[in-house]
K.L.:
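After the structure tokens below, expect a handful of questions from me.
Just so we're clear, the structure is a prediction, and the values are computed from it rather than from any experiment.
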Amino acid sequence: MAQPRARIGSRRNGRIGSRKNARRIPKGVIHVQASFNNTIVTVTDIRGRVVSWSSAGTCGFRGTRRGTPFAAQTAVGNAIRTVVDQGMQRAEVMIKGPGLGRDAALRAIRRSGILLSFVRDITPMPHNGCRPPKKRRV
């Protein structure tokens, strides 16, 4: 009769969360997507694997308050707190979107103590792309 194998990550063999805490990340990329309704912050390593993320909505802001600069600042603080504990010292910042949280998020990243190698704006801009909707007749 076949022996039942213990699953990797089961509670019995005590490996819950051990892999996540073992990773040391000296350098990473902080992606900030600031829309008018929300600000989403994602911290990845150099290869693009997500290490930590946060948004104004997950920080407890609801409705129109999610798009405010203070909500963006809180989201950045939440996302960066976990990666600083994992040893991140240097980061690149990619900012996307037209929202109010852009500047507040960048200010919060600078205050966190992480050294920034560069800040890049990656907002998609159309090169005269789609045809706009027809003008309203009132």
K.L.:
Is there a continuous path of hydrophobic side-chain contacts, each under 4.5 Å between heavy atoms, that joins Val93 to Val84?
P.N.:
yes

K.L.:
Check the pair Ile25, Val83 against side chain to side chain contact (heavy atoms under 4.5 Å, CB included), reporting the backbone distance first and the verdict last.
P.N.:
CA-CA 8 Å; Ile25 302 134; Val83 293; 5.7 Å; no

K.L.:
Flag yes if Val76 and Met94 sit in one hydrophobic cluster, no otherwise; membership is Ile, Leu, Val, Met, Phe, Trp, Tyr, and two members link when side-chain heavy atoms are under 4.5 Å apart.
P.N.:
no

K.L.:
Given 3.5 Å as the limit, does a donor-acceptor pair link the side chain of Thr42 with the main chain of His31, or not?
P.N.:
no

K.L.:
I need the full list of side-chain hydrogen bond (donor to acceptor under 3.5 Å, both in side chains) pairs touching residues 62-72, with sequence neighbours left out, sorted by first then second residue.
P.N.:
none

K.L.:
How many angstroms lie between atom CE of Met125 and atom CG of Asn128, to the nearest 0.5 angstrom?
P.N.:
11.0 Å

K.L.:
Do Phe118 and Val29 share a hydrophobic cluster (ILVMFWY, side-chain heavy atoms under 4.5 Å, transitive)?
P.N.:
yes

K.L.:
Which heavy atom in Ser117 sits nearest to a heavy atom in Lys27, and how many Å separate them?
P.N.:
OG-CE, 4.2 Å

K.L.:
Can you give me the closest heavy-atom contact between Trp53 and Ala79, atom names plus distance?
P.N.:
C-CB, 4.3 Å

K.L.:
Please give me the minimum heavy-atom distance between Ala56 and Ala75, naming the atom from each residue.
P.N.:
N-CB, 3.8 Å

K.L.:
Quick check for you: to the nearest 0.5 Å, what is the distance between Asn78 atom CG and Ile80 atom CD1?
P.N.:
10.5 Å

K.L.:
Looking at Leu100 and Gly67, what are the two nearest heavy atoms and their distance?
P.N.:
CB-O, 3.5 Å

K.L.:
Could you tell me the separation between the CD1 atom of Ile40 and the CD atom of Gln33, rounded to the nearest 0.5 Å?
P.N.:
5.0 Å

K.L.:
Under the side chain to side chain contact (heavy atoms under 4.5 Å, CB included) criterion, do Gln86 and Val43 qualify, and how do the steps go?
P.N.:
CA-CA 12 Å; Gln86 292 181 6; Val43 184; over 6 Å; no

K.L.:
Go through the side-chain N and O atoms of Asp121 and Thr123 and say whether any donor and acceptor fall under 3.5 Å apart.
P.N.:
yes

K.L.:
Enter the distance from Ile46:CD1 to Glu92:CD here, rounded to the nearest 0.5 Å.
P.N.:
5.0 Å

K.L.:
Same cluster or not: Leu116 versus Ile95, using hydrophobic residues (I, L, V, M, F, W, Y) connected whenever any side-chain heavy atoms lie under 4.5 Å apart?
P.N.:
yes

K.L.:
Please give me the minimum heavy-atom distance between Arg102 and Ala34, naming the atom from each residue.
P.N.:
CG-CB, 3.8 Å

K.L.:
Given side chain to side chain contact (heavy atoms under 4.5 Å, CB included), test Val32 with Ile109 step by step and report yes or no.
P.N.:
CA-CA 10 Å; Val32 179; Ile109 293 168; 4.1 Å; yes

K.L.:
For residues Val41 and Ile30, report the shortest heavy-atom separation together with the two atoms involved.
P.N.:
CG1-CG2, 4.1 Å

K.L.:
With clusters defined by side-chain heavy atoms of hydrophobic residues (ILVMFWY) lying less than 4.5 Å apart, directly or transitively, does Phe70 cluster with Leu106?
P.N.:
no

